[in-house]
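In what follows, chains are A, B, ... by sequence order, proteins preceding strands, each numbered from 1. Fair warning: this is a prediction, and the values are worked out from it, not measured in the lab.
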Amino acid sequence: MLIRILNGVRHFSRSLCSYDKMKYLCVAEKNDAAKTISSILSNGHSNRREGYSQFNKIYEFEMNVRGQNSKIVFTSVSGHLLNREFTGMHRKWLSCNPEELFHAQILKYCPERYEKIKQTIEREVRTSNGLIIWTDCDREGENIGYEIIEVCRAIKPGIQVYRAKFSDMTAPSLRRAMTNLAAPDERISQAVEVRSELDLRIGAAFTRFQTLRLKNLFPQNISQDDLVSYGSCQIPTLGFVVERYNEIEAFISSNFWKIKLTHRMNNLTVEYNWARNRLFDKQCCEAILMLCKAENLAIITNVNQKPKSKWRPQAMDTVELEKTGSRKLRITAKEIMTIAEKLYTQGFISYPRTETNKFSPDLKLRPLVEMQTAHPDWGEFANRVLEWGPNPRNGNKSDQAHPPIHPTKFTNSLAGNEKRVYELIVRHFLACVSRDAVGSETIVNATVGDEEFNATGLVILERNYLDVYIYEKWTGREIHRYEIGNTFVPTVLDLHEGKTSPPSLLTEADLIALMEKHGIGTDATHAEHISTIKDRGYIGEVDRGLVPGILGMGLVEGYKLMNLTLSQPELRAGLEVDLKAICEGRKNPNDVLQEQIEIYKNCYQTITREVAHLDRAVGNRFGVQPDNNAQPLRITSIHKICKCPKCQTESIIIRRKKDNTGSFLSCQGYPTCKHAIWLKINVKDVTSLDEKCTNCNNDNHKLKIKFSQPYMLSQVEEVPAYSRVENGHYITCIYCDSKAREVLQIKTEDVKVLGNVVSASTRPVVQRNPVINSNPPRNNNPALNNNPVRPQSNNRNFGTNSNNSNDNRRGWPDNSRSSGSNNNSNNNNQQSFANLFPNFTNNQNNNNSQSQRRNWFNNDGDGSSDDRRRDKDKLNALPNVLCGCNAAALKLIVRKDGPNKSRPFYKCNGDKCKFFQWGDVPLPTTVQTMQAGGSGGGNERGPKKCGICRQAGHNRKNCPSINR
DNA sequence: GCAAGGTC
């Protein structure tokens, strides 16, 4: 005993020691960020250890947090930790109407590839006192932060959560963030939730509909492997390309005329521009020319010389990298980003997905320039920059998380496009931190008669950044040395004819600029969207110009014929406005979500209603008529059989077996809910009908059952009013028809929630229409009050007044009576069913287990009379519940010594069904327990406990209290 | 098989 006490004291003191230092779990958005932040906050003294994920390390150090020396455990996620997906049959393309996806259940889950990251966080948070979110300080980062919080709170509900807000990855900013820890902003996260859910719903619904429809109608043009996808970013992106193409197609060229004036002297020809530029009236232009020729002398009226600069490029953000790379290197934006990401992971450049185009004053630029001095091509220029002192030309954008793209490590060993992209980033950086080019511009004005002309000359004085930034040209232009009042006879004074030309096709760089301007996608996704619509065949590339493909044209034209603006950026821009309003607390996220769902659902309904327009538009572009022989798509509607009694959220539906040998019943919420009902061998097949049950009013659909022995049906004499026999099938409602369940060997609890409270009375009264809400269970267990029993939408079939039972009206006896021993007519019915369905067995073989359970639970004689009185009071306080037979369950007390002694429980009166339920736990849990544990109590008991000390983790043989 | 958004 003494040893035990000493051990207890030792354990207690150890616990105290472990709590004398606060421990914070910090989580960044990516491993690189965790590494950098840890290194800075620890002054380079953090210790690295492994997490479950090989890509996401753990960095440990100590520092002062909120005035207390604390242990820091720093780890990371890899972007979003959770994803969304439809559940059950809504995941399958041909198992539901796509329109259902606007309201179908969506499951948030951790993808398998991030499971290890989640496990690391779960493990580390167990021993932490606080959680600090260090994700990027943008909208997505806030949402990722809440995903981390969700995972942590599942382990430690009460953990204190803080948000570190930093403007960049520099020491002052990060330290400031740690000393000014704030609360995470749920509104920002909710805006992302809205965007995310909406994108999934509309993307999946439209994509499935378009793909299935058009593939079916145009099998020669759209292959079975093709997708005709719709996305709220990809289709407006397609829209830009189509719009430019249409502008070009619709362009009508016009002739114009202008007056050309040149002056050649000393082998130099200077060209003058006419102040009127051009005229579209030839006769007018000719008349003016004649007046000029009549004079035939130009007079210099003004000479103005002024300095002119050509600005060096701004600090580079992602969009600039994509645009410049696409224009100058002629590499697609997607490939540029792929290469940039590779360079980043190799440490050659900073993070390439950034919206920041200004360098923080805290970022030391000189060392970055110094490291480039060794390069043979630009090393000399880097030295010049050092002489000048690095002076970046900054923009005004910041994502508050990443610096502009810049080189972080010197290399001269890259090859191919990797070398070219690295070179672009280095040259851009050196140019940005150097000096503008300087020149001197001369503008000369002249008149010929009454007409004004001008000419410009340029002398480049200092090339500066142009020496390193080979992607830009600045050409000088010589001009004669004029003085005011000089005159000259024009070398050429003539009429010049020209034609207006259409705009050019969009380049990828133009498209990215348009996407950015209209808020389509993010800097990190522009290239991805362009790549996607290329993959879909919506657009193609001709001489570096983007052109719509025939499918892309057909889609956009189809939408326009239906007066839908799906291919224009306004819909998405409207969402962005709403998301901003959510972030600022001006709009409720759920309101926005519902509004947006309705907007897109209306579009969807228009498409399905007027789909002939889409068919025609696409058909016209393909040059074929829709395939008239195409069979209509067979999309199986999901028929609700009844509400799943296990999850009580989704419905029981019919599913086909994988080997296509038949069907089974399963919860629609699979895999979240794995409730399934496997049919026995007396059923050959079961299908659901469009027809709904008129008896239960639950919107349940009837089942069409084919038995393995057809002759049995011929012997069925009477069926309930809502059921019938048809072409060798039995058609009924499995929810209402208890006898059918019996025949199919489906447990009542597999289709109905058992244990519904029927009365708080001590007398086991069986009610036909129990009204749960008006008879709340009287129970001292607060868990019960926190988890109220869900009322059934229609409980009348739970009533066991068999004389009035609907099930019984046409001779299908109620389950509660069929196996009872006090009803002769039941016995008769039972006999007839035994004949009809030889495989059906009664509960006769339960007798042994019944007696065993009776012995276990009702060990009468052990308790005193006082005990029994107390037990009786306890039982009287319990509400009455229904068992699987739809009859009032017995209320008993465990008398046997053991962990459950004195606990109240319910069981079937007579052990006709295997119903068991503890009286002191919430009812839904009990139902599950009954299924899992057979005789009951399995899950409630939790981990197996030692029979001696009642602690988990060991048993009687190795109980530490004995060993000592 | 679907989106868009993170990330490796």
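Under the 6.0 Å cut-off for aromatic ring centres, Y604(A) and F102(A) qualify, their centroids lying closer than that. Ring centroids of Y59(A) and F74(A) are separated by 6.0 Å or more, keeping the two rings apart.
Using a 4.0 Å heavy-atom criterion, one finds that T211(A) contacts the bases of the nucleic acid, with or without backbone contacts as well. K215(A) comes within contact range of at least one nucleobase, with a heavy-atom separation under 4.0 Å. Among the protein residues, D136(A) comes within range of the sugar-phosphate backbone only, with heavy atoms under 4.0 Å from sugar or phosphate atoms but none that close to a base. Here E29(A) lies in heavy-atom contact (under 4.0 Å) with sugar-phosphate atoms only. Among the heavy atoms of the strands lying under 4.0 Å from T525(A) are primed sugar atoms or P, OP1, OP2 only; no base atom is included. Using a 4.0 Å heavy-atom cutoff across all strands shown, S78(A) reaches at least one base atom of the nucleic acid. When heavy atoms are screened at a 4.0 angstrom cut-off, G141(A) is found touching no nucleic acid atom at all. R84(A) comes within 4.0 angstrom of a base, heavy atoms only. Using a 4.0 Å heavy-atom distance criterion, Y230(A) is classed as a sugar-phosphate-only contact. Contact annotation for A205(A): no contact, since no heavy-atom pair falls under 4.0 Å across all strands.
The interatomic distance linking R572(A) (CZ) with dA3(B) (P) rounds to 13 Å, in whole Å. The nearest whole Å value for the distance from the CZ atom in F209(A) to the P atom in dA3(B) is 17 Å. Look at CD on E528(A): it is 13 Å from P on dC2(B), rounded to the nearest Å. Whole-Å rounding puts the Y351(A) OH to dT7(B) C1' distance at 7 Å. If you take CZ of R353(A) and C1' of dT7(B), they are 6 Å apart, rounded to a whole angstrom. Between the CD1 atom of I106(A) and the P atom of dC2(B) there is a distance of 16 Å, rounded to whole Å. Spacing between atom CD of E147(A) and atom C1' of dG5(B) amounts to 10 Å, rounded to whole angstrom units. The nearest whole Å value for the distance from the CE atom in M337(A) to the P atom in dG5(B) is 14 Å.
Among the nucleotides dA4(B), dC8(B), dG6(B), the one closest to any side-chain atom of N83(A) is dA4(B). Nearest to the side chain of S229(A), among dG6(B), dA4(B), dC2(B), sits dC2(B). Set against dG6(B), dG1(B), dC8(B), the side chain of I117(A) has dC8(B) as its closest nucleotide. Checking dG1(B), dA3(B), dG6(B) against every side-chain atom of I144(A), the shortest atom distance belongs to dG6(B). Distance from the side chain of L227(A) is smallest for dG1(B) among the nucleotides dA4(B), dG1(B), dT7(B). Of the candidates dA4(B), dC8(B), dG5(B), dC8(B) carries the atom nearest the Y344(A) side chain, counting heavy atoms from C-beta on.
With DNA chain B read from its 5' end, the first of the two nearest nucleotides for N31(A) and A204(A) is the one closest to A204(A).
Taking CZ from F622(A) and CG from D615(A), the interatomic distance works out to 11.5 Å, rounded to the nearest 0.5 Å.
Applying the 4.0 Å criterion to OP1 and OP2 of dG5(B), one finds that H529(A) has a side-chain N or O inside that range. Residue R536(A) places no side-chain N or O under 4.0 Å from the OP1 or OP2 atom of dG1(B). One finds no side-chain N or O of S196(A) lying less than 4.0 angstrom from the OP1 or OP2 phosphate oxygen of dA3(B).
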### Task
Under the side chain to side chain donor-acceptor pair (under 3.5 Å) rule, what do S76(A) and N56(A) come out as? Steps first, then yes or no, please.
CA-CA 6 Å; S76(A) 59; N56(A) 302 80; 2.9 Å; yes
### Query
Stepwise, does the side chain to side chain donor-acceptor pair (under 3.5 Å) test hold for H80(A) with E147(A)?
CA-CA 8 Å; H80(A) 281 287; E147(A) 291 174 352; 3.0 Å; yes
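Stacking between W93(A) and dG1(B) is shown: the ring centroid lies under 5.5 Å from the centre of the six-membered base ring, and the planes differ by under 30°.
Using a 30° and 60° split on the angle between ring planes, F240(A) and H518(A) fall in the tilted class, from 30° to 60°.
Taking 3.5 Å as the limit, the base of dC2(B) and the side chain of E85(A) contain a donor-acceptor pair of atoms between them.
Residues T525(A) and T522(A) bring a donor and an acceptor atom of their side chains to less than 3.5 Å of each other.
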